[in-house]
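Have a look at the structure below before the remarks.
Just so you know, ligand 1 is whichever comes first in the structure, and atom 1 is the first atom listed for that ligand. Atoms considered below: every heavy atom in the structure, side chains included; atoms not considered: hydrogens, waters and symmetry mates.
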Amino acid sequence: MVGDHFLSCKNLDQSHLESLLELAGRLEHEWDRGNRNQDLLGKIMASMFFEPSTRTRMSFETAMLRLGGQVISVADAQSSSTQKGETLEDTGRMLNHYADVAVIRHPRPNSAHSLARFAKIPVINAGDGDGEHPSQALLDMYTIFAKRARFDGLHIALVGDLLNGRTVHSLIHLLATYQVTVYLVSPKALRFPADHLPDALRDKVYESDDLSQLIEQLDVIYMTRVQEERFDSDDAYQSVRGSYCLQARDLRKFRKDGMILHPLPRVDEISTDVDELVQAYYFEQAKKGVFARMALLKTLCSSC
Ligand code: NCD
């Protein structure tokens, strides 16, 4: 949690990660027992979404409210002064007069870093273009941790648009702190970018465009959407759209205690017949997101 912001997974070490996962577990347990936590009473979260979002925004806002805090928001990108040309650096300078923590999603890579540059309050990156999405990676790890309790020995395939998908750019850094085997499965045009590959995994990941050959070896299949909004032309998008569509019949050899994850929204990467399988964890993953974000807000706000 370098600099008290949460901008990237690159510098999150194992002990910080595990304390967040354990806290998320305690918060979920308490919530299920009906115990209501008011640790962030009197604190305000600024919710700044300059790109579409359903789960990330709602789960951050729910997380803040469940901890007794309050939320203010930029209603939509068109109604903020960035539309008039204000820089995110300038926006960041005055944030502390309004809020105690800020969550930003923006189409430009490193946008959260710009906001954080002069912000005196913790800034959380909720997705910066095709850069990173660290809180999604945190909740992905929490979903695996809640079921398996450990990561070492895990065989995981990251599947789909690995070039533009920011969730995998973050998740791979958290996975890399453990003894895991990572398979990068994508069409050639959407391969994982070398500059996002952690040193610890360099020369250790397996790249393929064929998921079916790997199914029996995997513990976790992490599907992603082809990121239509990042393509220059519709033709380019159409040429890779639907590269992977997981169906129940493809999963007959997938281990029964395996997990299928997806940050959602899905378009056509997972057929609805997969939803009934015991390995389908993506809706549980969205639920777990609230607890992972509660843990993050509580940790970042403990000194704010
Ligand atoms: C992801 C995102 O916005 O990067 N969604 C999310 O936050 N749950 C993945 C996606 O949009 O494909």
Side-chain angles (χ1 to χ4, degrees), residues 6-9 24 45 47-64 73-74 76-77 103-112 123-144 156-174 184-187 189-190 192-193 196 220-231 237 240-246 259-271 274-275 280-294 296-297:
F6 193 65
L7 304 177
S8 162
C9 285
M45 181 185 94
S47 176
M48 307 171 72
F49 281 76
F50 298 93
E51 240 193 7
S53 171
T54 305
R55 268 154 298 274
T56 304
R57 181 181 189 140
M58 289 209 294
S59 65
F60 263 117
E61 296 185 0
T62 303
M64 190 64 182
S73 56
V74 173
D76 69 82
V103 178
I104 179 170
R105 168 170 291 187
H106 194 282
R108 189 165 51 74
N110 289 320
S111 47
V123 170
I124 299 172
N125 178 5
D128 59 336
D130 62 4
E132 281 205 51
H133 192 350
S135 70
Q136 177 68 44
L138 179 66
L139 80 87
D140 298 337
M141 293 297 272
Y142 176 50
T143 308
I144 299 171
I156 178 167
L158 309 180
V159 185
D161 186 351
L162 307 184
L163 177 67
N164 302 298
R166 55 196 173 196
T167 70
V168 289
H169 299 167
S170 285
L171 180 58
I172 202 160
H173 288 282
L174 301 187
L184 300 175
V185 183
S186 70
L190 302 178
F192 198 94
H196 278 291
V220 179
I221 303 173
Y222 188 97
M223 299 298 292
T224 64
R225 175 180 68 91
V226 177
Q227 307 281 296
E228 181 179 4
E229 63 277 33
R230 312 280 175 230
F231 284 78
Y237 170 62
V240 282
R241 184 191 169 172
S243 301
Y244 299 95
C245 176
L246 206 54
M259 304 174 82
I260 301 159
L261 300 178
H262 191 309
L264 301 178
R266 67 172 153 184
V267 180
D268 41 22
E269 318 74 61
I270 303 182
S271 152
V274 176
D275 300 356
Y281 269 81
Y282 28 94
F283 295 120
E284 174 67 15
Q285 185 183 357
K287 174 189 154 194
K288 291 258 183 288
V290 177
F291 300 104
R293 289 177 170 131
M294 284 169 79
L296 184 59
L297 288 168

Quiz item: According to the interplanar angle, ranging from 0 to 90°, do the rings of H196 and H169 count as parallel (below 30°), tilted (30 to 60°) or perpendicular (above 60°)?
Solution: parallel
Quiz item: In a check of salt bridge (Lys or Arg N to Asp or Glu O under 4.0 Å) between R166 and each of E132, E229, E51, which one passes?
Solution: E51
Exercise. Would you please write out the protein residues whose heavy atoms approach any atom of ligand 1 to under 4.0 angstrom, listed by chain and number?
Key: T56, R105, H133, Q136, R166, T167, R225, Q227, P263, L264, P265
Exercise. Run the numbers on H262 and R225 for side-chain hydrogen bond (donor to acceptor under 3.5 Å, both in side chains), then give the verdict.
Key: CA-CA 8 Å; H262 191 309; R225 175 180 68 91; over 6 Å; no
Quiz item: Between N164 and D130, is there a donor-acceptor pair closer than 3.5 Å when you use the side chain of the first and the backbone of the second?
Solution: no
Practice problem: Find out whether the Lys NZ or Arg CZ of R293 is both under 6.0 angstrom from the six-membered ring centre of F60 and within 45° of the ring's axis. | Solution: yes
Self-check item: Set of side-chain hydrogen bond (donor to acceptor under 3.5 Å, both in side chains) partners for T167, sequence neighbours left out
Solution: Y222
